Amino acid sequence: MGAGPELGPAAGVSLLLCASLLGAGCALGLSLGWGQPAADRWALAWLCYDALVHFALEGPFVYLSVTGNIANSDGLIASLWKEYGKADARWLNFDPTIVSLEILTVVLDGSLALVLIYAIVKDKYYRHFIQITLCVCELYGGWMTFFPDWLMGSPNLNTNNWLYFWVYLVFFNSVWVLIPGLLLCQSWVELKKMYHKGNSLGKKFQ
């Protein structure tokens with residue numbers, strides 16, 4: 001991993017775009033969660049960012065991939081994916097596994113994120129069912145994105161450059177492991193509380 005950083009204009013613009021989406025997602029989520037417990041406000045901030053990434057970044061990726069490929073596309077979103085493609089070459093040309101996963105991610109995960117935002121804001125009974133489903137989908141997507149390539153010796157991954165490896169591959173992808181994992185723990189704790197509360201009420205009326 002001795003290659004020097006390549007933080008050129010394309011990398012700067014891509015990172016700035018991701019930071020802008022993060023800022024917008026946090027602002028929207030914290031606003032929607034006004035009056036909610038702190039954990040739920042931050043969950044909403046994450047979910048708004050998650051939905052923005054799925055629809056604003058991954059949605060165009062799917063469109064550009066099924067109508068051609070990223071390598072031969074132009075525009076702001078294409079340039080972001082070309083930059084990420086320096087870390088993982090599968091994103092530059094049509095890779096059926098990646099595109100299939102991204103279609104599922106945009107359609108299912110994006111929609112579940114919106115439903116979960118509504119469920120948290122409106123305190124719906126199905127909130128944790130949706131939360132668990134979304135988190136499992138996110139974790140499954142991460143597993144299927146990288147594990148097949150790892151089994152082949154990671155021929156498509158650039159692990160020789162600190163920016164591409166530690167920022168693009170490790171940091172950006174581990175966020176979609178860490179936060180869904182935390183939300184799964186939250187659902188576990190809340191469902192356990194509901195179970196014990198239900199048991200206590202049932203014993204009272206026996």
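Computed from a predicted structure; not experimentally measured. Atom set for the values below is all heavy atoms of this structure, side chains included, hydrogens, waters and symmetry mates excluded.
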In the single-linkage hydrophobic clustering (I, L, V, M, F, W, Y; side-chain heavy atoms under 4.5 Å), do [X] and [Y] co-cluster?
X: Ile70; Y: Tyr63; value: yes
X: Leu178; Y: Leu21; value: no
X: Trp34; Y: Ile117; value: no
X: Phe171; Y: Trp162; value: yes
X: Trp46; Y: Val136; value: no

Indicate yes or no: at least one non-hydrogen side-chain atom of [X] is less than 4.5 angstrom from one of [Y].
X: Pro148; Y: Trp150; answer: no
X: Leu15; Y: Phe172; answer: yes
X: Leu44; Y: Val121; answer: yes
X: Val170; Y: Phe165; answer: yes
X: Phe129; Y: Lys124; answer: no
X: Leu30; Y: Trp42; answer: yes
X: Leu47; Y: Leu134; answer: yes

Do you know which two heavy atoms are closest between [X] and [Y], and how far apart they sit?
X: Cys48; Y: Gly25; value: CB-O, 3.4 Å
X: Arg127; Y: Leu116; value: O-CD1, 3.4 Å
X: Gly59; Y: Val106; value: N-CG2, 3.6 Å
X: Cys26; Y: Ala45; value: CA-CB, 3.8 Å
X: Leu184; Y: Leu139; value: CD1-CD1, 3.7 Å
X: Leu80; Y: Leu17; value: CD1-CD2, 3.5 Å

Main chain of [Y], side chain of [X]: is a donor-acceptor contact present, judged purely on distance under 3.5 Å?
X: Glu190; Y: His128; value: no
X: Asp40; Y: Ile120; value: no
X: Arg41; Y: Gln36; value: no
X: Arg90; Y: Thr145; value: yes
X: Lys82; Y: Ser73; value: yes
X: Ser31; Y: Ala27; value: no

Intermediate values then yes/no, side-chain contact (heavy atoms from CB on, under 4.5 Å), Asp50 and Ile179 = CA-CA 10 Å; Asp50 187 44; Ile179 297 182; over 6 Å; no

Assert yes or no for the condition that the ring centre distance of Trp176 to Tyr49 is strictly below 6.0 Å.
->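 Trp176 vs Tyr49: aromatic centres under 6.0 Å.
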
Would you check if the distance from the ring center of Phe61 to the ring center of Trp91 is below 6.0 Å?
->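 Yes - the distance between ring centres of Phe61 and Trp91 falls below the 6.0 Å cut-off.
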
Calculate, to the nearest 0.5 Å, the distance between atoms [atom1] and [atom2] belonging to [X] and [Y] respectively.
X: Leu191; Y: Gln131; atom1: CG; atom2: CD; answer: 9.0 Å
X: Tyr168; Y: Asp88; atom1: OH; atom2: CG; answer: 13.0 Å
X: Leu57; Y: Leu52; atom1: CG; atom2: CG; answer: 8.5 Å
X: Phe55; Y: Ser111; atom1: CZ; atom2: OG; answer: 4.5 Å
X: Leu28; Y: Leu32; atom1: CG; atom2: CG; answer: 4.5 Å
X: Leu163; Y: Asn158; atom1: CG; atom2: CG; answer: 9.5 Å

Neighbour count above 12 (heavy atom, 6.0 Å) for Phe146 CZ = yes

Counting heavy atoms not belonging to Tyr126, are there more than 12 under 6.0 Å from its OH?
->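 Buried by this count: over 12 neighbours within 6.0 Å.
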
side-chain contact (heavy atoms from CB on, under 4.5 Å) evaluation trace for Tyr84 with Leu92 | CA-CA 8 Å; Tyr84 185 77; Leu92 291 175; over 6 Å; no

side-chain contact (heavy atoms from CB on, under 4.5 Å) between Tyr125 and Met194, worked out = CA-CA 11 Å; Tyr125 67 92; Met194 289 183 222; over 6 Å; no

State whether a side-chain donor-acceptor pair under 3.5 Å links Asp149 with Asn156.
->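 Yes, Asn156 and Asp149 have a side-chain donor paired with an acceptor closer than 3.5 Å.
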
Just by distance, with hydrogens left out, do Glu102 and His54 show a side-chain donor and acceptor under 3.5 Å apart?
-> no

Given the rule in the side-chain contact (heavy atoms from CB on, under 4.5 Å) test, do Leu183 and Ile132 qualify, once you have shown the distances and angles that lead to the verdict?
-> CA-CA 8 Å; Leu183 289 174; Ile132 291 168; over 6 Å; no

